[in-house]
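Fair warning: this is a prediction, and the values are worked out from it, not measured in the lab.
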Amino acid sequence: MTFDGSVVLVTGASRGIGSAVATAFGAEGARVVGTATSASGAALVAERLDAVNGIGEVLDVADAASVQALFGRLEEGGLTPDIVVNNAGITRDNLLARMKDEEWDSVIDTDLGSLFRVCRAAARPMMKARRGRIVNIGSVVGAMGNAGQTNYAAAKAGMVGFTRALARELGGRGITVNAVAPGFIDTDMTRALGESQREALLTQIPLKRLGQPVDVAAAVLFLCSPAAAYITGATLHVNGGMYMG
């Protein structure tokens with residue numbers, strides 16, 4: 001796969017899956033714009049992407065003005081994205097009976113509402129160009145559920161419906177919209193688990209290992225490549241067989 005000439009926007013690119021996706025696109029020749037919520041995070045993204053001619057930008061996906069400002073800056077700099085990967089997200093885990101309104105609202109607005117804001121801004125120039133790729137990063141939790149994550153599961157399940165609906169809207173303009181749903185990936189979040197928790201996770205995974213961020217990145221690059229030009233509205237599960245749907 002080569003993405004020479006493509007401009008790729010990856011939200012939430014400061015670590016984990018987002019960082020792996022951004023780096024992988026850069027290694028394949030794309031000009032990558034990776035975002036983080038803070039200036040220090042954007043600087044870290046820029047440092048990591050420097051070797052592949054990428055840049056870091058500050059973006060609050062929960063703020064419509066921040067989204068519009070970013071796309072304005074990119075347009076002015078000749079970096080209007082033709083590929084967008086919506087990866088930014090948060091968790092605020094709690095049992096439903098104890099969940100605060102803020103824990104529900106912040107996850108829904110950041111993990112699901114961000115798709116509306118970012119895709120709305122990205123779709124307009126893509127429609128004009130009559131080409132583009134959008135990939136939304138979901139989660140196995142959106143398909144199978146997880147106790148203590150009703151907010152996160154609802155957001156990620158909603159992402160699947162959003163992806164299908166937008167794929168129908170934009171298909172006639174040569175734009176594909178797909179989702180990738182990772183299982184448990186070896187990131188900072190899973191490394192914070194105790195050894196017994198990690199062992200319990202592995203019993204649920206037929207491949208008997210946690211996924212790596214590069215496993216998810218490979219799936220994203222495939223869906224954005226010419227080889228996947230006839231795939232849209234799909235959710236590609238990358239979970240080692242933990243959920244088979």
>> Is it the case that the side chain of Arg173 and the backbone of Ala129 share a donor-acceptor pair, with hydrogens and angles ignored and the cut-off at 3.5 Å?
In response: no
> How about Leu59 and Thr11: do any of their side-chain heavy atoms sit closer than 4.5 Å?
Replying inline: yes
> Taking everything shown except Gln212 itself, do over 12 heavy atoms lie less than 6.0 Å from its CD?
Replying inline: yes
> Are any non-hydrogen side-chain atoms of Cys119 and Ile134 less than 4.5 angstrom apart?
Replying inline: yes
> With sequence neighbours left out, what residues match Arg124 under salt bridge (charged side-chain N to carboxylate O under 4.0 Å, His left out)?
Replying inline: none
>> Using side chain to side chain contact (heavy atoms under 4.5 Å, CB included), reason through Glu199 and Glu195 one step at a time and then give a plain yes or no.
In response: CA-CA 6 Å; Glu199 289 298 322; Glu195 189 61 31; 3.2 Å; yes
>> I need the Tyr230 OH to Thr176 OG1 distance, nearest 0.5 Å.
In response: 13.0 Å
>> Please check: side-chain N/O of Thr23 versus main-chain N/O of Ala20, any donor-acceptor pairing under 3.5 Å?
In response: no
> With no hydrogens and no angle check, is any side-chain donor or acceptor of Ser114 less than 3.5 Å from a backbone partner on Val61?
Replying inline: no
> Arg15: what forms a salt bridge (charged side-chain N to carboxylate O under 4.0 Å, His left out) with it, not counting sequence neighbours?
Replying inline: Asp188
> Atom CZ of Arg117 and atom CG of Asn86: how far apart are they, to the nearest 0.5 Å?
Replying inline: 11.0 Å
>> Glu57: which residues meet the salt bridge (charged side-chain N to carboxylate O under 4.0 Å, His left out) condition with it, sequence neighbours left out?
In response: Arg73
>> Would the distance check show the side chain of Lys208 and the main-chain N or O of Gly240 forming a donor-acceptor pair, the cut-off being under 3.5 Å?
In response: no
> Distance-only, no hydrogens or angles: does the Arg92 side chain make a donor-acceptor pair with backbone N or O of Glu103 under 3.5 Å?
Replying inline: no
>> If we ignore hydrogens and angles and just use 3.5 Å, is the side chain of Asn178 paired with the main-chain N or O of Gly233 as donor and acceptor?
In response: yes
> Can you check whether Pro125 reaches Glu75 side chain to side chain, under 4.5 Å on heavy atoms?
Replying inline: no
> Between Ile55 and Arg31, is any pair of side-chain heavy atoms under 4.5 Å apart?
Replying inline: yes
> Roughly how far, to the nearest 0.5 Å, is CG of Asn151 from CH2 of Trp104?
Replying inline: 6.5 Å
> Got a sec: does the NZ of Lys100 have more than 12 other heavy atoms crowding it under 6.0 Å?
Replying inline: no
>> Tell me whether the rings of Phe3 and Phe25 are parallel (<30°), tilted (30 to 60°) or perpendicular (>60°).
In response: perpendicular
>> If you define the side chain from C-beta out and look only at heavy atoms, does anything of Leu70 sit under 4.5 Å from Val67?
In response: no
> Side chains of Met242 and Met144: does their closest heavy-atom pair fall under 4.5 Å?
Replying inline: yes
>> Keeping Asp111 on the side-chain end and Ile90 on the backbone end, is there a donor-acceptor pair under 3.5 Å?
In response: yes
> Is the shortest heavy-atom distance from the side chain of Phe162 to the side chain of Val177 under 4.5 Å?
Replying inline: no
> Short question: side chain of Asn87, backbone of Gly12 - any donor-acceptor pair under 3.5 Å?
Replying inline: yes
> Quick one: are Thr235 and Thr163 in side-chain contact, heavy atoms under 4.5 Å?
Replying inline: no
>> Are there over 12 heavy-atom neighbours, none belonging to Arg120, within less than 6.0 Å of that residue's CZ?
In response: yes
